*Asks:* 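Could you have a look at this structure, given as structure tokens, before my questions?
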Amino acid sequence: MVGAFDNRHANFLQIIEGYSTLVEVSSITGISANYLSQLKGGKRIGHVMARRLEQGMGLRSGWLDLDHTESTTVTLSEHELGKQSLKLSPTAKLRLIKKLAASLAD
């Protein structure tokens, strides 16, 4: 049985793949890049740190604790996607726009 600490680490690794550097993650979370590196290396992510990471990254509270390995893909209509994106934090919106712009360059 996988616990919250294992889920938090796996989810943290997954989510930081979307950032170019830990310095970028540091700037949105307010957590030092050095400490983020320790978390990336396997240091346990406690409850308070998990909530802080989620808040800074625009994730809902508790997201890091959950097992996302068997998540199913949800197809959204353009309208629904627009509604969901409007709920994102300003930082998350900017990150989404940058990812979309980068995908257009391909």
Side-chain angles (χ1 to χ4, degrees):
M1 181 171 151
V2 177
F5 288 113
D6 294 324
N7 287 339
R8 288 174 188 158
H9 186 252
N11 291 331
F12 176 70
L13 294 177
Q14 176 190 357
I15 201 75
I16 63 172
E17 286 178 8
Y19 297 89
S20 54
T21 65
L22 289 178
V23 173
E24 184 181 358
V25 178
S26 175
S27 70
I28 64 165
T29 61
I31 301 164
S32 76
N34 183 32
Y35 193 75
L36 291 170
S37 178
Q38 291 176 31
L39 296 177
K40 183 179 176 182
K43 180 175 178 69
R44 289 184 133 195
I45 301 172
H47 176 77
V48 172
M49 182 57 62
R51 302 299 81 86
R52 192 168 163 197
L53 287 166
E54 290 162 346
Q55 184 177 18
M57 294 181 180
L59 303 168
R60 66 179 163 72
S61 183
W63 187 91
L64 285 171
D65 297 350
L66 303 175
D67 182 358
H68 298 286
T69 56
E70 295 187 25
S71 295
T72 58
T73 302
V74 176
T75 304
L76 299 175
S77 68
E78 187 175 328
H79 176 73
E80 187 61 28
L81 180 61
K83 282 178 33 182
Q84 293 298 322
S85 64
L86 290 174
K87 295 178 184 178
L88 296 171
S89 69
T91 304
K93 285 178 189 173
L94 183 59
R95 193 169 59 248
L96 175 62
I97 291 168
K98 286 179 180 179
K99 285 184 179 185
L100 289 171
S103 72
L104 293 175
D106 291 277

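Here, residue 1 is the first one in the sequence, and each next residue gets the next number. In this text, all values refer to a predicted model and were calculated from it rather than measured experimentally.
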*Asks:* Please give me the minimum heavy-atom distance between Arg51 and Ser61, naming the atom from each residue.
*Replies:* CD-OG, 3.4 Å
*Asks:* Checking Arg52 now: which residues fulfil salt bridge (Lys or Arg N to Asp or Glu O under 4.0 Å) with it, not counting sequence neighbours?
*Replies:* none
*Asks:* List the atom of Lys40, the atom of His9, and the distance in Å for their closest heavy-atom pair.
*Replies:* O-NE2, 3.1 Å
*Asks:* Give me the atom names and distance for the closest heavy-atom approach of Leu36 to Ser26.
*Replies:* CD1-N, 3.5 Å
*Asks:* Return the CD1 to OG1 distance between Ile16 and Thr21, rounded to the nearest 0.5 Å.
*Replies:* 10.0 Å
*Asks:* How close do Trp63 and Glu54 get, heavy atom to heavy atom, and via which atoms?
*Replies:* N-OE2, 3.0 Å
*Asks:* Is the number of heavy atoms from other residues, nucleotides or ligands within 6.0 Å of NZ (Lys93) greater than 12?
*Replies:* yes
*Asks:* Starting from Leu66, can I reach Ile45 by hopping between I/L/V/M/F/W/Y residues whose side chains sit under 4.5 Å apart?
*Replies:* no
*Asks:* If you measure from CZ on Phe5 to CG on Leu64, what distance do you get to the nearest 0.5 Å?
*Replies:* 12.5 Å
*Asks:* Can you tell me how far the CG atom of Leu39 sits from the CE atom of Met49, to the nearest 0.5 Å?
*Replies:* 6.0 Å
*Asks:* Rounded to the nearest 0.5 Å, what's the gap from CG on Asn34 to CG on Leu22? Could you check?
*Replies:* 10.0 Å
*Asks:* To the nearest 0.5 Å, what is the distance between CD on Gln55 and OG1 on Thr29?
*Replies:* 10.5 Å
*Asks:* Working to the nearest 0.5 Å, report the span between CZ of Arg8 and NE2 of His47.
*Replies:* 7.0 Å
*Asks:* Is there a side-chain contact between Val25 and Met57 in this structure, where contact means two heavy atoms from C-beta onward sitting under 4.5 Å apart?
*Replies:* yes
*Asks:* Hey, quick one: are Val23 and Ile31 part of the same hydrophobic cluster, counting side-chain heavy atoms closer than 4.5 Å, chains of contacts allowed?
*Replies:* no
*Asks:* Output, in order, the C-alpha distance, side-chain angles, deciding distance and verdict of side chain to side chain contact (heavy atoms under 4.5 Å, CB included) for Thr91 and Arg95.
*Replies:* CA-CA 6 Å; Thr91 304; Arg95 193 169 59 248; 4.2 Å; yes
